[in-house]
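Beneath this line is the structure, given in structure tokens, with notes to follow.
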Amino acid sequence: MSDFHVTTFVNGKWRQNCYLISNAQREVLIVDPGSDPEAISELITELGVRPVAILNTHAHYDHIGAISGLMQKYQIPFFLHADDAKLLKQANLYKILFETKNSISIPPFGEDFAKGPEDLNVAGFPVRVIHTPGHTAGGVCLLIGSNLFSGDTLMPGGPGRTDLPGGDKVKLKDSLQKLRELPEDYLVYAGHGKPFMLQEFWKKNDEQ
Ligand SMILES: [Zn+2]
Ligand SMILES: [Zn+2]
């Protein structure tokens, strides 16, 4: 069944998107929590859903600040690709550099997307994990039903930046090639900004 409902919650200085993906049983996956665990918990209560796991597309500090709080509150696992474990550990260095001195509580590296398989069953949710390095080394796009959670790999304005910690231009190009194989009518939910069709993205990308 690919009957999922996506709720978007925008939070933090960089207006990063946290996505709550729920199924008919009112269970919910949390993708890229962002920085505000209290507000996300409130939303979860409001929606009347039960969190089952946290999945991160990458470990830039603006997308990971709420993980520790949510893990503790709901006692749920946290998934990330091992190639971003170092970024996760160093998140506070970058936060101080780019934002403020208030440090975030870094969660321990938990479940590893790199271990495979590509098609995971996360607490009953079918999740395809597509490793898409380039924005960061361990960046992944997550396909749940026909929804692609792209993190900062695909952004509304084009491919993600490669000049931030973990970035690699050549790798990003290969990753985009990999994503070309997906049906163009998939909806993309990016790390920042509004959702868009994959088709729209390629069109814009090819014109540039
Ligand atoms: Zn990022
Ligand atoms: Zn971001």
Side-chain angles (χ1 to χ4, degrees), residues 6-21 29-37 39-40 54-70 78-100 102-107 109-110 112-114 129-144 147-176 178-179 187-196 198 201 204-205:
V6 180
T7 306
T8 306
F9 176 70
V10 182
N11 67 138
K13 184 184 174 189
W14 305 102
R15 302 194 53 73
Q16 54 272 31
N17 290 320
C18 162
Y19 295 111
L20 301 176
I21 300 113
L29 293 177
I30 307 172
V31 171
D32 289 340
S35 57
D36 194 341
I40 295 168
I54 300 168
L55 314 180
N56 260 72
T57 59
H58 67 301
H60 275 152
Y61 77 85
D62 50 327
H63 301 276
I64 63 156
I67 295 171
S68 281
L70 294 171
F78 156 54
F79 291 74
L80 181 74
H81 191 288
D83 291 352
D84 263 15
K86 202 171 150 200
L87 267 185
L88 178 74
K89 248 189 171 164
Q90 298 175 336
N92 278 314
L93 286 179
Y94 301 119
K95 184 158 197 281
I96 288 163
L97 206 61
F98 291 105
E99 202 177 310
T100 61
N102 305 333
S103 60
I104 45 188
S105 154
I106 306 290
F109 177 67
D112 183 2
F113 279 140
V129 181
I130 308 168
H131 185 207
T132 51
H135 177 67
T136 64
V140 297
C141 288
L142 302 169
L143 188 61
I144 303 170
N147 309 304
L148 185 71
F149 297 90
S150 67
D152 296 350
T153 297
L154 304 182
M155 299 277 270
R161 292 172 64 169
T162 53
D163 60 330
L164 297 170
D168 184 316
K169 228 177 185 165
V170 178
K171 283 189 180 154
L172 184 66
K173 219 174 158 195
D174 291 344
S175 293
L176 292 182
K178 211 191 263 185
L179 295 172
L187 197 55
V188 183
Y189 293 90
H192 308 260
K194 295 252 182 300
F196 50 90
L198 205 43
F201 181 86
K204 215 190 264 177
N205 193 64

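Order of appearance sets the numbers: ligands from 1, and atoms from 1 within every ligand.
Using a 3.5 Å distance cut-off with no hydrogens or angles, the side chains of Ser103 and Asn92 do not pair a donor with an acceptor. For the residue pair Ser175/Thr132, the side-chain donor-acceptor check at 3.5 Å is not satisfied. A donor-acceptor contact closer than 3.5 angstrom links the side chains of Asp84 and Thr136.
Inclusion of His60 in the first shell of the Zn ion (ligand 2) is not supported: no N, O or S atom falls under 2.8 Å.
Vertex the Zn ion (ligand 1); arms to His58 atom NE2 and His135 atom NE2; angle 100° (nearest 10°). Rounded to 10°, the angle that NE2 of His63 and NE2 of His192 form at the Zn ion (ligand 2) is 110°.
The Zn ion (ligand 1) lies closest to atom OD2 when only the N/O/S atoms of Asp152 are considered.
Under the 30°/60° scheme for interplanar angles, the aromatic rings of His135 and His58 are found to stand perpendicular.
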